[in-house]
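Heavy atoms only: backbone and side chains are in, while hydrogens, waters and symmetry mates are out.
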Amino acid sequence: QVQLVESGGGSVPAGGSLRLSCVASGMTYDNAYMTWFRQAPGKEREGVAAMLPRGGQSYYAASVKGRFTISRDNALNTVYLQMDSLTPEDTAMYYCAADAWVAPSRWADVSAYMYWGQGTQVTVSS
């Protein structure tokens with residue numbers, strides 16, 4: 001059974017930083033497509049950052065490019081999201097998603113992923 005467990009969320013002032021973690025189990029992690037999504041109240045879930053297996057190419061939403069960094073540690077079955085220069089607009093529930101294969105053009109497509117974590121809340125105050 002595949003499980004994704006996120007952690008690292010919290011409340012920070014604008015300009016602050018957080019590092020989210022997502023630990024995967026029950027899957028062949030090294031080959032998995034791992035992506036971070038977020039969902040703010042009243043808004044659709046959106047792709048934030050993705051990293052292809054084995055440290056391949058990464059993708060970012062335009063709104064976070066240059067501020068967020070996705071990385072993977074295959075030895076720990078963990079994907080990270082380093083978030084810097086946070087703004088109140090980054091406030092959302094952040095989810096980790098995974099699947100065995102995702103077409104790169106669909107990296108931000110919610111329907112492309114079978115496995116989801118429970119989410120971790122990020123709140124940025126102004």
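With hydrogens and angles ignored, the 3.5 Å screen pairs no side-chain donor or acceptor of S63 with any backbone N or O of A61. A donor-acceptor pair under 3.5 Å links the side-chain atoms of T120 to the main chain of G9, judged by distance alone. E6 contributes no side-chain N or O that, together with a main-chain N or O of L20, makes up a donor-acceptor pair within less than 3.5 Å. Put simply, the side chain of S85 never gets that close to the backbone of G15: no donor and acceptor are under 3.5 Å apart.
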Notebook entry, point to check: Please walk me through it: do S17 and D84 pass side-chain hydrogen bond (donor to acceptor under 3.5 Å, both in side chains)?
Noted result: CA-CA 4 Å; S17 297; D84 299 317; 2.8 Å; yes

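Counted within 6.0 Å of OH on Y59, heavy atoms from surrounding residues, nucleotides or ligands total more than 12; the atom is thus considered enclosed.
With rounding to the nearest 0.5 Å, the separation of CD in Q118 from CD in Q3 is 9.5 Å. The distance from atom CH2 of W36 to atom CD of E46, rounded to the nearest 0.5 Å, is 14.5 Å. Of the inter-residue distances, the one linking R106 atom CZ with W101 atom CH2 reads 8.5 Å to the nearest 0.5 angstrom. Taking OG1 of T91 as the start and CD of Q121 as the end, the distance is 7.5 Å to the nearest 0.5 Å.
For Y113, the ring-ring contact (aromatic ring centres under 6.0 Å, His included) test picks out F37, with sequence neighbours left out.
Judged by a 6.0 Å distance limit and a 45° cone about the ring axis, R72 is not positioned over the six-membered ring of Y80.
Sequence neighbours left out, the pairs with a member in residues 86-105 that pass salt bridge (charged side-chain N to carboxylate O under 4.0 Å, His left out) are R38-D90, R67-D90.
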